[in-house]
Amino acid sequence: PRTHSYTNYNSWDKVQSWIAAISTSNSALISKQSIGSTYEGRPMTLLKLGKKSSVTKPAIFMDCGIHAREWISPAFCQWFVKEALSTYGSDSQMTSLLDQMDVYVLPVFNIDGYDYTHKSNRMWRKTRSRTSGTSCLGTDPNRNWNAGWCSKSEPCSETFCGSKVESEVEVRNVADFLRRNKADIKAYLTIHSYSQLVLFPYSYTYDLAADHSELLKVAEGASSALRGLYGTRYTSGPGAATIYPAAGGSDDYAYDIGVKYSFTFELRDTGRYGFLLPASQIKPTCMETMLAIKYIAAHVQENL
Ligand SMILES: NCCCCC[C@@H](C[SeH])C(=O)O
Ligand SMILES: [Zn+2]
Ligand SMILES: [Zn+2]
């Protein structure tokens with residue numbers, strides 16, 4: 001049956017029906033808005049969490065599922081929404097957060113790819129768009145942003161940067177939203193797997209970001225908050241030196257348009273299961289990651 005579960009990896013049609021249900025479950029705290037469609041025509045629906053207000057509040061933007069095979073990522077976004085709604089009023093930090101700020105959550109960024117991993121190729125990473133002149137499909141949505149964009153790359157590569165900046169409609173839809181709302185968006189969080197890392201700009205250069213020392217402090221604080229639950233060890237640092245140099249990333253783009261608190265998470269594990277993280281680890285992974293996200297949110301609030 002079409003039953004959604006927070007402790008299972010949900011197919012796209014289950015996530016889609018969950019979005020419809022959860023977004024109308026509590027009109028005081030959650031609403032939804034469309035930010036466009038994917039290449040194959042699936043609806044990109046943004047969830048807006050926060051105490052309803054007639055004035056614009058400062059916001060945090062979080063996306064999951066940029067890469068199709070990283071199933072623990074959309075699982076976390078669903079968990080986050082559930083936790084926010086169910087602990088508002090009882091958890092003082094979550095209550096303060098949703099009173100003072102709005103949190104935008106995009107549960108699955110690359111829906112076409114996510115659906116494809118459920119139906120065809122579990123290890124697919126990219127979008128499912130067609131590029132003229134090649135039979136290889138897809139562009140890496142985390143190399144397609146206007147941030148040190150790579151221009152030269154192979155269409156058949158897993159990290160193909162695309163035929164041009166924002167060639168991918170999914171990237172354009174989110175970039176447009178960030179540009180429209182950048183005055184109010186104070187933090188950008190993008191959730192990936194795997195490697196257990198908290199990364200921040202830059203990846204497109206080894207140059208340190210202007211806010212490097214503060215971002216490092218926040219990333220280390222988030223990692224230690226996460227470690228407090230089960231002892232899971234994360235590494236923190238700027239992307240280029242901590243994982244690998246990477247052009248055209250969403251975090252670098254958000255930072256360069258002025259969203260100072262920009263972080264990329266690589267969730268569990270460190271390679272034993274990799275992208276195929278067992279569903280039995282969804283709950284512990286989401287519980288510990290909540291602590292890291294709440295740590296960052298608290299820092300953002302303290303610096304509003
Ligand atoms: N902006 C690049 C952040 C660091 C790399 C993140 C990983 C996630 Se799978 C990648 O996009 O290769
Ligand atoms: Zn990824
Ligand atoms: Zn990754």
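In each ligand, atom 1 is the first atom listed, and ligand 1 is the first ligand listed.
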Residue pair Asn144 / Glu166, side-chain donor-acceptor N/O under 3.5 Å: no

Check: Lys57 side chain, Ser54 main-chain N or O, donor-acceptor pair, under 3.5 Å: no

Side chain Ser73, main chain Gly65, donor-acceptor under 3.5 Å: yes

Side-chain H-bond candidate by donor/acceptor type, Tyr261 with Glu214, under 3.5 Å: yes

Identity and distance of the protein heavy atom lying nearest atom 1 (N) of ligand 1: Asp251 OD1, 2.6 Å

Test: Arg128 cationic atom under 6.0 Å from Tyr116 six-membered ring centre, within 45° of axis: yes

Part of Tyr204 with heavy atoms under 4.0 Å of ligand 1, whether side chain, backbone, both or neither: neither

Asp140 and ligand 1 - part of the residue with a heavy-atom distance under 4.0 Å: neither

Pair Thr264, Asp251: side-chain N/O donor-acceptor within cut-off below 3.5 Å: yes

Any Gly249 heavy atom less than 4.0 Å from ligand 1: yes

Protein contact of atom 6 (C) of ligand 1 - nearest heavy atom, named by residue and atom, plus distance: Asn142 ND2, 4.0 Å

Residues Gln196 and Thr270: side-chain donor-acceptor under 3.5 angstrom: no

Atoms of protein origin (N, O or S) under 2.8 Å from the Zn ion (ligand 2): His67 ND1, Glu70 OE1, Glu70 OE2, His192 ND1

Asp269 bridged to Arg272 by N-O distance under 4.0 Å: no

Pairs where residues 47-122 contributes a residue and the test disulfide (SG to SG under 2.5 Å) is met, not counting sequence neighbours: Cys64-Cys77

Contact partition for Leu199 relative to ligand 1, non-hydrogen atoms under 4.0 Å: side chain

Which residue and heavy atom of the protein sit nearest atom 12 (O) of ligand 1, plus the separation: Tyr244 OH, 2.6 Å

Atoms in ligand 1 with a heavy atom of His192 nearer than 4.0 Å: 8 (C), 9 (Se)

His4 and Tyr6 aromatic ring geometry - parallel, tilted or perpendicular at 30°/60° bounds: perpendicular

Donor-acceptor under 3.5 Å (Asp252 side chain, Ser203 main chain): yes

Arg125 contact mode with ligand 1 (heavy-atom cut-off under 4.0 Å): side chain

Nearest protein heavy atom with distance in Å, relative to atom 9 (Se) of ligand 1: Glu70 OE2, 3.2 Å

Parallel, tilted or perpendicular: ring planes of Trp145 versus Phe109, cut at 30 and 60 degrees: tilted

Closest to atom 3 (C) of ligand 1 (judged by heavy-atom distance), picking from Ala246, Ser203, Gly239: Ser203

Geometric N/O contact Arg143 with ligand 1, under 3.5 angstrom: yes

Contact check, Ile243 vs ligand 1, heavy-atom distance below 4.0 Å: yes

